[in-house]
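Remember, it's 1-based here, ligands and their atoms both numbered in the order they're listed. Quick caveat: nothing in here was measured; it's all calculated off a predicted structure.
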Amino acid sequence: MKALVTVTHPRQNSLTHAVMNRFIEGLKQNNHEVDLLDLYHDGFNPVYTAEDEKDWINPDKIYPPEVRKEMDRILAADTLVFVFPLWQYSVPSMLKGYLDKVWNLGLFGKVSNKKVLWICLAGGDQEHMSKYKREEMLTHYLNVAVSGYARMQESRVELLCNTLSESKEHIASLLERAYQLGREYE
Ligand SMILES: Cc1cc2nc3c(=O)[nH]c(=O)nc-3n(C[C@H](O)[C@H](O)[C@H](O)COP(=O)(O)O)c2cc1C
């Protein structure tokens with residue numbers, strides 16, 4: 001299986017990157033192939049321009065080269081995995097820009113065989129995330145609104161909570177969870 005892993009964080013020594021690395025180690029143990037997209041480090045431009053606008057009448061519209069390149073990477077993958085921190089109970093603006101630009105009409109209808117896994121690092125603990133249905137809101141948004149609208153075959157969210165904890169044991173347990181997720185990924 002080929003996984004396109006997209007990581008979103010401005011710092012490569014972030015916990016988000018450490019989680020991504022452990023997840024990939026697990027995937028590779030399982031002999032899965034990995035294509036890594038680091039949105040910040042690879043210089044993805046998330047600003048949506050007039051050229052990116054969808055053409056509702058023409059599904060064959062030719063999108064800008066940077067967008068087409070990323071669409072091709074999606075089409076070449078069996079599964080898409082996103083690793084990102086929770087910001088304002090949503091995805092960081094960099095990732096939102098990627099989704100706005102790349103998950104567009106040109107892809108719809110061509111990705112119904114793809115699976116998506118959203119690995120989200122949240123500063124809040126599990127109780128905080130459950131309160132006011134924050135976790136429910138996030139999973140509904142990602143699984144139903146985003147993946148569902150693109151007609152992805154399957155979508156699930158894995159929430160890694162309490163990421164700002166000073167407990168080394170807790171952070172180690174999150175990294176171990178990331179490794180196991182990769183190891184068990186089918
Ligand atoms: C701009 C910003 C917004 C954030 N918003 C939230 C939030 O809405 N809910 C939450 O639980 N944590 C929030 N956090 C905390 C991040 O989720 C936390 O810093 C991250 O999971 C830690 O991983 P990192 O060290 O890789 O950044 C926010 C952090 C930043 C910088």
Side-chain angles (χ1 to χ4, degrees), residues 3-29 32 34-48 70 73-74 77 79-103 115-150 152 155-185:
L4 172 60
V5 178
T6 301
V7 64
T8 309
H9 200 286
R11 248 184 322 106
Q12 287 194 303
N13 66 353
S14 62
L15 180 60
T16 301
H17 276 83
V19 162
M20 175 272 290
N21 283 325
R22 285 297 278 155
F23 177 78
I24 287 178
E25 278 172 42
L27 270 187
K28 287 189 171 166
Q29 277 290 315
H32 292 315
V34 175
D35 179 13
L36 176 61
L37 168 59
D38 184 329
L39 288 173
Y40 277 96
H41 189 69
D42 297 348
F44 183 82
N45 174 12
V47 178
Y48 193 91
E70 296 309 333
R73 288 171 82 172
I74 291 175
T79 186
L80 314 177
V81 181
F82 293 90
V83 188
F84 59 96
L86 185 68
W87 285 0
Q88 312 301 340
Y89 299 99
S90 186
V91 297
S93 51
M94 168 64 98
L95 178 52
K96 179 63 165 50
Y98 167 89
L99 294 169
D100 289 345
K101 289 173 84 159
V102 181
W103 284 33
K115 294 198 314 176
V116 193
L117 172 62
W118 307 90
I119 302 178
C120 175
L121 288 85
D125 61 17
Q126 189 60 60
E127 192 186 344
H128 174 87
M129 288 305 296
S130 301
K131 204 171 175 184
Y132 307 123
K133 300 187 175 174
R134 291 180 177 116
E135 180 173 4
E136 205 178 306
M137 173 193 72
L138 180 73
T139 53
H140 187 80
Y141 170 66
L142 293 172
N143 289 337
V144 180
V146 181
S147 305
Y149 189 70
M152 299 282 175
S155 175
R156 84 185 162 91
V157 177
E158 181 73 27
L159 200 57
L160 301 181
C161 292
N162 205 6
T163 55
L164 303 175
S165 164
E166 286 175 8
S167 157
K168 287 196 172 96
E169 290 76 21
H170 177 68
I171 298 302
S173 76
L174 297 182
L175 293 170
E176 180 57 23
R177 176 79 190 122
Y179 176 74
Q180 287 306 331
L181 278 171
R183 192 87 178 81
E184 293 159 9
Y185 203 60

What's the shortest distance from [atom] to any protein heavy atom, and which residue and atom give it?
atom: atom 8 (O) of ligand 1; value: Tyr89 N, 2.8 Å
atom: atom 26 (O) of ligand 1; value: Thr16 OG1, 2.7 Å
atom: atom 5 (N) of ligand 1; value: Gln88 N, 3.0 Å
atom: atom 18 (C) of ligand 1; value: Thr163 OG1, 3.7 Å
atom: atom 11 (O) of ligand 1; value: Gly124 N, 2.9 Å
atom: atom 31 (C) of ligand 1; value: Trp87 NE1, 3.6 Å
atom: atom 10 (C) of ligand 1; value: Gly123 N, 3.7 Å

Tell me, do Arg73 and Val102 make a side-chain contact under 4.5 Å, heavy atoms counted?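 No, side chains not in contact.
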
Nitrogen or oxygen atoms of [X] and ligand 1 under 3.5 Å apart:
X: Leu15; value: yes
X: Leu164; value: no
X: His9; value: yes

How about Thr8 and Tyr98: does a side-chain donor come under 3.5 Å of a side-chain acceptor?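 Looking only at side-chain atoms, Tyr98 and Thr8 do not form any donor-acceptor pair under 3.5 Å.
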
Exercise: do Glu25 and Gln29 side chains pair donor with acceptor under 3.5 Å: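 Distance-only check fails for Glu25 and Gln29.
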
Does the [X] side chain pair with the main chain of [Y], one donor and one acceptor, at a distance under 3.5 Å?
X: His32; Y: Gly26; value: no
X: Thr6; Y: Phe82; value: no
X: Thr16; Y: Phe84; value: no

Minimum distance, heavy atoms only, to atom 13 (C) of ligand 1: which one of Leu86, Ile171, Val19 is it?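 Among Leu86, Ile171, Val19, the closest heavy atom to atom 13 (C) of ligand 1 comes from Leu86.
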
Can you label the angle between the Trp118 ring and the Trp103 ring as parallel, tilted or perpendicular, going by 30° and 60°?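 Plane angle between 30° and 60°, so tilted.
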
With heavy atoms of Leu121 as the reference, note each atom of ligand 1 found under 4.0 Å away.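 Heavy-atom distances to Leu121 below 4.0 Å select 17 (O), 21 (O).
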
State whether Glu158 and Arg177 are salt-bridged, where the test is any N-O pair (Lys NZ or Arg NE/NH1/NH2 against Asp/Glu carboxylate O) under 4.0 Å.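 Judged by the 4.0 Å cut-off on N to carboxylate O distance, Glu158 and Arg177 do form a salt bridge.
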
